[in-house]
Amino acid sequence: MSRAELPPAAARLAEIRARIARAAKPAQRDPATVTLIAVSKTHPAAAIEPLLAAGQRDFGENRVQEAQAKWPALRDQWPDARLHLIGQLQSNKAAEAVALADAIHSIDRPSLVAALARAMDAQDKRPACFVQVNIGDEPQKGGCAIPALPALLAEARAADLPLAGLMCLPPAGIEPAPYFALLAKLARDSGLAGLSMGMSDDFETAVMLGATHVRIGSALFGARA
Ligand SMILES: *Cc1c(COP(=O)(O)O)cnc(C)c1O
């Protein structure tokens, strides 16, 4: 769908919320326990404002620089908007990420844990942290390898990062359910409650399997350029 054909923001939001609620029901989950993150990467403030006006508060961005360019002005107007950084993060951007974000979903290596811990101590600000798991063991993807997860979580805990949960991007083009179920098991085994999983094409499956945070871009904003 091109932007010109999109229904109004409130209708798009209501549709996604209804789909989340429908998926939550057979899993006997309260849909209020699923945070909808509107992934606004590549979309200008003019496309984001209608969603804010319709009541959406959680947003996701991939790039620190893009988020810095868009969000300070939007937050002046909507101070209770929450920003989730969901893209691969370079350690040299850790301080900017901590300053900007309410949550960081892409923690995947010890050097980044150390850089974020330093930035959080220096700024006395502690965004919620999700460790990204390379759930399909794909070389081109970010995320911590499954066998390395316990050690990385131990480092994050030792560094006093506020660990909220695990995040994944399952392999493209195949049934995602086994990967979501595996992430849920890893989180359970690690004593973590948060599960950041599910995007426009698979969020209902993710909700059925326990997602607490779904990251939805194109289904809310239309296709990215
Ligand atoms: C872009 C992106 C999304 C949203 O993808 P859609 O398919 O547009 O919903 C979710 N998570 C991450 C990490 C992304 O980079």
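First listed ligand is number 1; within each ligand, the first listed atom is number 1.
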- Message: I need the nearest protein heavy-atom contact for atom 9 (O) of ligand 1: residue, atom name and distance, please.
- Response: S200 OG, 2.5 Å
- Task: Quick one: look up the protein heavy atom nearest atom 10 (C) of ligand 1 and list residue, atom name and how far away it is.
- Result: M199 SD, 3.2 Å
- Task: To the nearest 0.5 angstrom, please state how far the CZ atom of F180 sits from the CG atom of D202.
- Result: 3.5 Å
- CG/L89 to CD/Q132 distance, rounded to the nearest 0.5 angstrom? 10.5 Å
- Give a yes or no answer on whether the side chain of E155 reaches the backbone of V113 with a donor-acceptor pair at less than 3.5 Å. no
- Note on the structure: side chain to side chain contact (heavy atoms under 4.5 Å, CB included) with I146: of I135, D137, N134, only one passes, and it is I135
- Please work out which of K41, H105, R215 has its closest non-hydrogen atom nearest to atom 14 (C) of ligand 1. K41
- Note on the structure: When R126, R75, K125 are each screened for salt bridge (Lys or Arg N to Asp or Glu O under 4.0 Å) with D102, the one that passes is R75
- Query: Relative to the heavy atoms of N62, which atoms of ligand 1 are at a distance of less than 4.0 Å?
  - Reply: 14 (C), 15 (O)
- For I86, the atoms of ligand 1 under 4.0 Å from one of its heavy atoms are 11 (N), 12 (C), 13 (C), 14 (C)
- Within less than 4.0 angstrom of ligand 1, does D201 place any heavy atom? no
- Query: What part of I216, side chain from CB on, backbone N/CA/C/O, both or neither, has a heavy atom under 4.0 Å from ligand 1?
  - Reply: backbone
- Task: Quick one: sort the H105 and H213 rings into parallel, tilted or perpendicular, breaks at 30° and 60°.
- Result: perpendicular
